[in-house]
Amino acid sequence: MSRALRLLLAAAGRTGGALVLLMGASFVIYITIRSAPGDAIDAISPMGTPPQVKARLLAEFGLDRDPLTGYFAWLFRSARGDFGDSLVVAAGESVMAVAWPAFKITLILSGLTLLASLALALLGALVLGRPAGRQQLLTGPLYVITSAPSFVQAVLLAQGLNWTIHRYWEQLNYETPPWYPIPIYTDSLMPYVFAGLALLLGDGLFMDFFNAIRAELEGLRDAQFIAAVKAKGARTWGHIARNMLVPLVSGYAARLPIVLGGVVIVEYIFTLEGAGYLLLEASRERDFPVVVGISVLFTATVIGSTLIADVLRTLVDPREVARGG
Amino acid sequence: MGGRAERIAFWGSGAIVALVIAIGLVSPLIGYDPAAAVDYEQKLLGPGAGHWLGTDAQGRDVAMRLMKGTEAFFLPGLMAAGIATMAGALLGAIAGYAEGWGRTLVVGFLQLVDTLPRLIFIILVCTILNPSITLIAGVAGVLFIPSIATVIRRKVEALGSEDYILAHVAHGFSTTRILLYHILWLQARPLLIRQATYVFGYVLFVETALSYLGDYGVQEPTPSWGNMVAQTRELGGASAWPWVFPAVAIAVTIAAFLAFGNLLARRDEEAIR
Amino acid sequence: MSELLLEARGLVKRFRSQSLLRGSHETRALDGVDLQIRVGEVLAVIGESGSGKTTLGKVLLRLTPATAGEIRFGGNDLRALRGKALRLKRREFQMVFQNQRANLHPKMTVRQMLDESLRLHRPKLDAEGRAEHIGGLLERVGLSAKAEQRPESLSGGERRRVGLARILATQPKLIVADEPTSGLDAAIKLQIIDLLRRLKESSMTYMLISHDLGLVRRIADRVVVMLKGRIIEEIPAERLGDPRHHPYTARLMRAAHLSEDHASQGPSVIEVGVGGEQRHGGCVYAADCPVARERGLLTRCRQERPEPVALGPGHWVACFASADPIEEEP
Amino acid sequence: MSRLLDVRDLVIEFDTRHGRKRVVDGVSFHLERGEVLGILGESGSGKTMSTLAVLGLVGGRPGVVQGQVLFDEGAGPQDLLADLGRVVKPRGDRLVKNDRRWQRLVHRTMRPLWGRAMTAVFQNPRHSLDPLMTIGAQVEESVRLAQPELDRAGRAGRAVEWLARVQMNDPKRVHSSYAHELSGGMCQRAMIAVALARAPMLLIADEPTTGLDTTVRAEIVALFRELLADRRRSMLYISHDIREVLFLADRIIVMRHGKVVETVAVADLKAGVGERHPYTASLLAAADLAFEAAA
């Protein structure tokens with residue numbers, strides 16, 4: 001078999017595996033819905049839901065059938081992007097129509113934040129290198145600050161933001177440049193920047209990333225093949241960069257779930273109308289089709305990012321294919 | 001390795017962990033009636049002699065509420081850490097040692113649970129079921145099984161291919177004894193300690209986050225560090241004391257637990273090596 | 001001739017790996033091995049890495065399940081033993097592992113480790129009896145002064161001797177020693193060899209797995225040569241260097257004494273074949289064998305599996321070219 | 001003959017968990033042009049550290065290197081360690097160094113020398129090759145540095161030639177293979193090709209056969225012997241195997257516990273001239289070698 005064909009097969013195998021995982025995860029979500037106490041439909045739908053809506057929900061979630069057929073009915077509807085209609089948050093509208101635009105905001109916010117975290121961590125690791133005695137003492141306070149949950153960071157920053165806006169920004173109107181990719185719902189970009197900052201500084205994300213990258217970089221610098229490259233008189237940075245690519249991408253994918261966890265509450269604090277905000281609103285109002293739809297979207301994102309990292313690793317690292325799917 | 005800095009970090013974080021545990025153990029013994037604590041004449045005081053950390057908008061003593069607030073996460077955190085480490089260690093050992101369909105089943109289950117985004121799934125569960133902090137901690141514990149199991153599995157696999165473990169087999173020890181005593185207890189203990197403190201920190205995070213949001217966590221007037229931080233919403237800029245201390249307490253406690261777990265594990269590992 | 005302690009017939013060990021990308025892939029670590037070990041003798045198994053010699057040791061001691069074949073140990077069918085019966089039987093055959101760390105617990109002293117072993121295998125002994133026994137064991141391996149030390153303060157050779165003492169604690173009938181001197185410094189190596197020799201004199205039965213011909217010559221009574229999962233030659237140790245070796249054995253012996261004639265040879269196919277397919281039909285050395293090429297036996301060697309040909313008392317080779325002696329190259 | 005390399009009073013110390021440890025303790029040796037010097041010693045004798053110090057590859061571990069490493073490219077001896085004294089300062093009762101400046105200085109001194117003047121082949125050949133690059137690309141990297149005038153096709157051709165010179169059975173296939181697809185012996189051959197493609201004055205081989213099989217080891221050692229046949233290249237051959245060293249070297253030094261215990265010409269040793277140091281004698285005995293004086 002040629003290498004290209006093997007790569008293609010490996011990628012196909014990985015995608016198949018990811019789809020199976022997604023099915024499994026959605027099954028867990030479905031079973032959670034079915035395990036509602038008492039009469040399921042009364043327990044999960046908000047108070048005062050009219051009987052015809054309840055009947056529709058019953059059919060949509062296959063609650064009137066046995067779990068397995070009910071699950072597959074729901075799965076096929078979901079696979080077509082049909083998560084039913086929202087009950088309260090945007091009553092009558094389809095869940096996807098509400099959730100998708102909000103989800104885009106969340107995805108871009110968390111994706112960019114993580115990218116910034118990666119860039120900063122990489123830069124730090126390159127500049128600082130091996131930590132010396134005094135540096136280690138300095139990292140202590142930094143460690144405490146960055147292990148605080150992102151919502152605590154967000155509360156502190158929001159207080160700062162409020163104060164700043166009161167002081168300087170109240171009269172200013174920010175205009176979105178036409179090229180800007182993030183849909184802007186508020187007049188100012190500042191809340192996004194602050195939300196990003198809270199995510200970046202919180203949940204132990206940065207220090208974890210930084211330490212992982214630094215360890216990886218140190219390991220590479222001490223690797224025997226780098227010594228061999230030096231000994232033959234070639235430059236090492238090309239080799240180091242190539243070998244850093246895989247851990248960087250894997251690290252990125254592995255940390256996305258952490259950021260997606262933090263983003264929910266941070267969006268809520270800064271009232272950014274992303275999927276997290278929507279999720280909490282819907283959860284508060286017991287608008288469970290929306291909650292379920294967003295949960296599936298988040299789960300799919302986690303699986304998708306891992307898949308992308310896996311495929312990329314297969315492309316970059318020849319040992320992956322040899323190891324077999 | 002790290003020398004002085006590491007020693008300072010170890011003992012510093014250890015002291016904080018010990019303090020939190022001590023308060024967590026002692027505070028249930030102290031009677032506290034949130035309603036009786038209200039005293040509008042003393043509201044929003046700064047730190048002082050009568051109230052070490054000041055009072056909140058209803059005149060309740062912040063230090064007292066901070067102490068009673070540990071109850072909200074202490075036992076649930078222990079429970080979640082217990083569930084996650086025990087089930088994780090067991091499943092990890094099976095995934096690393098067993099062969100055939102039993103292994104496939106366990107690995108599949110672990111992969112599956114691992115794909116669920118933790119906080120989002122907890123919110124989903126809260127939406128559908130009657131939420132209680134015990135339920136939330138239980139779910140958090142289950143959600144952390146894969147991350148512990150994966151670590152243990154790697155360890156078991158790495159050891160299994162080494163002569164070290166084969167030597168025990170050859171010596172006549174039973175598989176259960178090798179798995180539970182020689183691998184899990186003697187070799188993987190540092191990893192378990194690290195993961196357990198991590199899960200404890202996560203439960204503290206979830207509890208405070210949900211209490212902050214106000215829907216599923218600990219409800220006023222029962223104190224929780226999360227709903228104390230949530231006072232920012234009503235206070236505006238009036239006073240920072242009622243929420244700054246709990247916010248700092250959250251940050252420092254989580255940091256201390258993570259750091260202590262890591263450093264303890266590292267010491268243990270070095271001793272084993 | 002003394003009685004048989006262990007006898008293996010037709011041992012096969014296959015590793016099968018199933019992969020979506022490469023299809024199913026089979027490697028035969030053992031490919032029809034017959035072997036006998038008699039009470040009180042030292043049998044050496046020599047061969048290079050990947051020849052299956054370590055797998056043979058593990059399969060014989062039931063540390064890895066065999067795919068097919070028969071193992072009889074002192075009259076018992078070893079492959080039929082299960083569970084507790086097997087565990088109890090294990091004390092009779094012990095393995096010295098290549099890895100120095102094997103068997104040693106980092107936080108226990110030498111005495112504690114031996115005590116743990118004795119508790120498991122000699123439950124009838126009381127504390128005093130155990131202490132006495134430990135003293136005897138330590139004396140046998142020459143470690144009496146180190147009883148209260150932990151592994152970290154022991155040298156590589158001492159650790160290995162602790163491992164040996166622990167094995168002797170079970171009073172085994174057979175010891176399989178896998179590369180007992182690899183990775184040791186010259187002086188310590190000599191000590192270990194000396195110890196093994198003394199144990200041999202107290203009529204211990206060994207199977208010695210090694211690629212170190214010097215060690216084999218010093219200790220072994222009988223030598224079998226393994227290549228790619230098969231035994232291709234058996235020879236009494238004192239006749240090592242016989243001009244009628246199997247061509248592969250001859251090459252192995254030459255390699256141990258460096259000489260000029262390797263230069264022109266280039267890499268052996270045995271090594272190149274790491275990623276390649278394994279052939280089961282003919283002689284495992286066919287592709288690489290200079291003798292087969294010289295004498296035009298290649299087709300036959302590739303297709304037919306050579307049967308053992310007796311060359312003298314206790315000496316046979318599995319080679320078509322062995323009817324007449326193979327000259328050792330100068 | 002003039003001295004290519006002259007190492008004087010080399011001291012290397014490292015900080016370990018158990019305090020500062022002196023791994024090389026005042027080692028001196030020299031190497032003539034066209035000579036093969038064998039360094040014999042067991043693990044922990046400091047032989048590898050001494051040679052890594054010559055190469056400037058001791059690494060960033062906390063610790064210091066002191067002494068003189070005089071290397072003569074033809075324009076007179078140059079002390080490779082001369083600048084490094086500036087970043088070593090006493091603190092308390094021991095010397096410490098500024099790691100980053102140390103690394104920078106080492107790079108400044110060694111960059112022009114690496115590859116062209118001296119290069120190395122290490123033990124663990126599998127870990128010496130970049131796992132993500134084909135063997136061919138790694139040989140070509142060397143070829144490009146040695147002969148910048150060659151175009152792409154020319155470089156590929158030279159690389160295949162080199163792979164053939166280290167006696168690969170199928171150099172074309174090896175050219176497009178990755179390290180994990182080759183056996184240890186093949187990887188070591190590839191490493192030798194990578195090193196020699198730069199036509200270095202001095203080749204340092206640090207236990208190149210450790211971990212390889214007996215027959216493969218014999219082949220690699222024989223390959224070294226053949227590649228050195230023209231005697232235009234000098235070599236430092238480090239090994240714990242006395243047979244290898246006797247087979248390849250003109251002169252050997254025996255190291256133990258960070259010190260040189262004996263320096264002897266191989267011809268003298270084989271002829272049994274002079275007294276052997278007891279340690280050397282024990283090494284000979286362990287390898288079943290005995291050389292008697294010819295009367």
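Note: hydrogens, waters and symmetry copies are ignored here, and every other heavy atom, side chains too, is used. In what follows, chains are A, B, ... by sequence order, proteins preceding strands, each numbered from 1. Small disclaimer: the values here were computed from a predicted structure and weren't measured.
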Original post:
Under a 4.0 Å N-O cut-off, is there an ion pair linking C/E48 with D/R217?
Top reply: no
**OP:** Would you mind checking which part of C/R218 comes under 4.5 Å of any heavy atom in chain D, side chain (CB onward), backbone (N, CA, C, O), both or neither?
**Re:** side chain
Subject >> Straight-line distance of D/T214 OG1 to C/L213 CG, nearest 0.5 Å >> reply: 7.0 Å
Original post:
Rounded to the nearest 0.5 Å, how far does OG1 of D/T215 lie from NE2 of C/H211?
Top reply: 10.5 Å
**OP:** Would you indicate whether D/E275, at its atom CD, is surrounded by more than 12 heavy atoms from other residues, nucleotides or ligands within a distance under 6.0 Å?
**Re:** no
**OP:** Check whether more than 12 heavy atoms from other residues, nucleotides or ligands sit under 6.0 Å from atom CZ of D/R165, and answer yes or no.
**Re:** no
Original post:
Sequence neighbours excluded, which residues qualify as ring pair (Phe, Tyr, Trp, His ring centres under 6.0 Å) partners of C/Y206?
Top reply: none
